[in-house]
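As the structure is a prediction and not an experimental result, all values here were calculated from the model. Just so you know, residue 1 is the first one in the sequence shown, and it goes up from there.
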Amino acid sequence: MKQILFTLISFILISTTALAQINLVGTSSSANGGIEIVKWQAFDSSSVERYPSGLDAYLFASSSFNAYNSNYYLSGFSADTGVLLSFNTETNTPSLSNFSAFSNISEIDMSTGKLYSLELDTVGFISVNEFDISTGAETLLGTIVEPGVNGIVADAIGFDSNNGILYYIGFDETSICLYGIPVRNPDFSWIKTTLLTTTPFNYFSSVNYDNVNNLLFAVNTQFDSTFNEDGRWIVEINTLTGDVIERGQIVGFPYYLAGSSSFDQNSGTFLLVGFDEAFNEKMIAFNTLDNTLYAGYVPSMVSEIICDNYSFARSTYNTTAIPETEASVFSIFPNPATKNITLCIGESEENALLKIYDMNGKEELNLKLQQPHMEISTDHLSSGVYMVMLHSSKGVSHQKLVIQ
């Protein structure tokens, strides 16, 4: 296990102005009965707002936030009927629908608004599903076959909205693994990487993806050989090598609220709720830019907490990103690849220019496309991650390519 410099944790006074920029949403029981939605700015008790939801109860760890349209989703029950709550954080209006495909192993692509979910159909078979929330349409993308696996870890899923990769940390028969699933590819595939841990037993949860710096974070609870807890760390996971890099230890909080982790994209802050030795509930904010930690106010009994990243998604994807209809003008398979890839483009995009760059910005290939389907040799590319860019009449589209 790698450990980077400056990981000693101190409870320092972070600028309350910076923390107040983090908008949070959660749920709690209402004093009048039923479930209410709670909005507030991190560590600011004066900013708390409460709204009725129409739910009588909710399912653990079933909340998601669609930064694409500013909707907070929660699976629950109303009058003994399973429903999906949709609460828009811009208008503060709730609505209930019969569509309830959310689970505690779901994530939303903030660049498209589509939801992706893992389900264990039967022992050894994990299905990967795509949901169009606006229509309720469900598509089975494919199935991961893992003989002997009989469960899925809750709250262990994150989404790379830049490259369309769903990440999940779970178990195979012998080890803890990171699964990377490129859900936008026309052909279903996945990459499994064994996590490189050094303690006898580890439990990874609270997985979150930093879409600004393209980093994957999680909470790793470590145990010794007799199953006694040996510390809880916020870690960075190298998605290519499986290295687990300890960013900072969470000390003074022997317990934490499951399903309460979130990530603020604008500030790079990893958040979760913990309980100190006296069982006082506090919000924990870990700055992944300088590895410092601060703990403070959280509304009492609030759970299913998420960061409202709507402003980030609106400025990053809705404004500057290629629209979904344009982003799909080409496809690559297989991906990951070894010696060759097949590139498919629209008929109207012939004579487009294809460029491949390594992650340092070095151009590795410059090719004018003459036909809609072309097989391209990648023999000259060493193992690693590359950016494929297509310059066409519709603009510039890009995808990530992994060479094994």
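- Ring orientation note: the planes of Y294 and F43 are nearly perpendicular, at an angle over 60° on the 30°/60° scale.
- Below 30°, between 30° and 60°, or above 60°: for F275 and F279 the angle between ring planes is below 30°, a parallel geometry.
- Of the possible donor and acceptor atoms, one in the side chain of D224 sits under 3.5 Å from a partner among the backbone N and O of N228.
- Remark: side-chain polar atoms of T288 are paired, donor with acceptor, to backbone N or O of G268 under 3.5 angstrom.
- I245 CD1 to T241 OG1: the interatomic distance, rounded to the nearest 0.5 Å, is 7.0 Å.
- Proximity of a side-chain donor or acceptor of Q265 to a complementary backbone N or O of Y209 within less than 3.5 Å is detected.
- The closest side-chain heavy-atom distance from T221 to N202 is not below 4.5 Å.
- Aromatic rings of F223 and F227 (six-membered ring for Trp) have centroids beyond the 6.0 Å cut-off, not under it.
- A donor-acceptor pair under 3.5 Å is absent between the side-chain atoms of D276 and the main chain of F253, judged by distance alone.
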* Tell me, with the steps shown, if Y256 and S205 meet side chain to side chain contact (heavy atoms under 4.5 Å, CB included). => CA-CA 11 Å; Y256 75 104; S205 64; 2.8 Å; yes
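- Salt bridge status for D132 with K114: absent, with no side-chain N to carboxylate O gap under 4.0 Å.
- A donor-acceptor pair shorter than 3.5 Å can be found between the side chains of S117 and S106.
- Summarising the geometry of N340 relative to S377, their closest heavy-atom pair is OD1-CA, 3.5 Å, with the distance given to 0.1 Å.
- No side-chain heavy atom of W233 sits under 4.5 Å from any side-chain heavy atom of R247.
- Distance check: S30 OG to D56 CG gives 11.5 Å after rounding to the nearest 0.5 Å.
- Contact record, T193 with T239: OG1-O, 3.9 Å, taken as the closest heavy-atom pair.
- Here the straight-line distance linking atom CD1 of I152 with atom OG of S127 works out to 7.0 Å at 0.5 Å rounding.
- Between the side chain of Y168 and the main chain of V153, a donor-acceptor pair closer than 3.5 Å is present.
- To the nearest 0.5 angstrom, N266 atom CG is 6.5 Å from N309 atom CG.
- Note on K355 versus E364: no salt bridge recorded, every NZ/NE/NH1/NH2 to OD/OE distance being 4.0 Å or above.
- Taking a cutoff of 4.0 Å between a charged side-chain nitrogen and a carboxylate oxygen, R184 and D109 qualify as a salt bridge.
- A side-chain donor-acceptor contact under 3.5 Å links T89 and D308.
- Of the possible polar contacts, none joining the E304 side chain to the T27 backbone as a donor-acceptor pair under 3.5 Å is found.
- Using bins of under 30°, 30° to 60° and over 60° for the plane-to-plane angle, the ring pair F312/Y317 lands in the perpendicular bin.
- When the shell of 6.0 Å around CE of M301 is examined, it contains 12 or fewer heavy atoms from other residues, nucleotides or ligands.
- Side-chain contact annotation: T197 with T199, donor-acceptor N/O pair under 3.5 Å absent.
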* To do: Given side chain to side chain donor-acceptor pair (under 3.5 Å), test T378 with Y386 step by step and report yes or no.
  => CA-CA 11 Å; T378 56; Y386 296 83; over 6 Å; no
* Take L84 and L96 through the side chain to side chain contact (heavy atoms under 4.5 Å, CB included) test and state the conclusion after the steps. => CA-CA 6 Å; L84 177 68; L96 301 177; over 6 Å; no
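- One distance of note links CG of N129 with OG1 of T139; it measures 8.5 Å at 0.5 Å rounding.
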* To do: Show your working on side chain to side chain contact (heavy atoms under 4.5 Å, CB included) between N214 and N162 and close with a plain yes or no.
  => CA-CA 8 Å; N214 284 305; N162 300 318; 2.9 Å; yes
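- Under the 30°/60° scheme for interplanar angles, the aromatic rings of F263 and F270 are found to stand perpendicular.
- Closest non-hydrogen pair, L59 versus F77, comes out as CD2-CE1, 3.5 Å.
- The shortest side-chain heavy-atom distance between V149 and V123 does not fall under the 4.5 Å cut-off.
- With hydrogens and angles left out, the side-chain atoms of E246 and Q222 include a donor and acceptor closer than 3.5 Å.
- Of the N and O atoms on the side chains of E146 and Y179, at least one donor lies less than 3.5 Å from an acceptor on the other residue.
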* From CA spacing to verdict: side chain to side chain donor-acceptor pair (under 3.5 Å), Y116, E130 -> CA-CA 5 Å; Y116 298 89; E130 178 184 88; 2.7 Å; yes
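- The two atoms that bring S206 and V219 nearest to each other are CB-CG2, 3.7 Å, heavy atoms only.
- In this structure, the separation between OG on S262 and CG on L24 is 5.5 Å, given to the nearest 0.5 Å.
- In this structure, a donor-acceptor pair under 3.5 Å is absent between the side chains of N66 and N71.
- The two residues G26 and V302 have their closest heavy-atom pair at CA-CG1, 3.9 Å.
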* Asked: Please walk me through it: do Y58 and S53 pass side chain to side chain contact (heavy atoms under 4.5 Å, CB included)?
  -> CA-CA 11 Å; Y58 63 90; S53 71; over 6 Å; no
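- Under the 3.5 Å distance criterion, the side-chain polar atoms of S161 are matched with a main-chain donor or acceptor of M110.
- Of all non-hydrogen atoms in L85 and P94, the two that sit nearest each other are CD1-CB, 3.8 Å.
- With hydrogens and angles ignored, the 3.5 Å screen pairs a side-chain donor or acceptor of N88 with a backbone N or O of N69.
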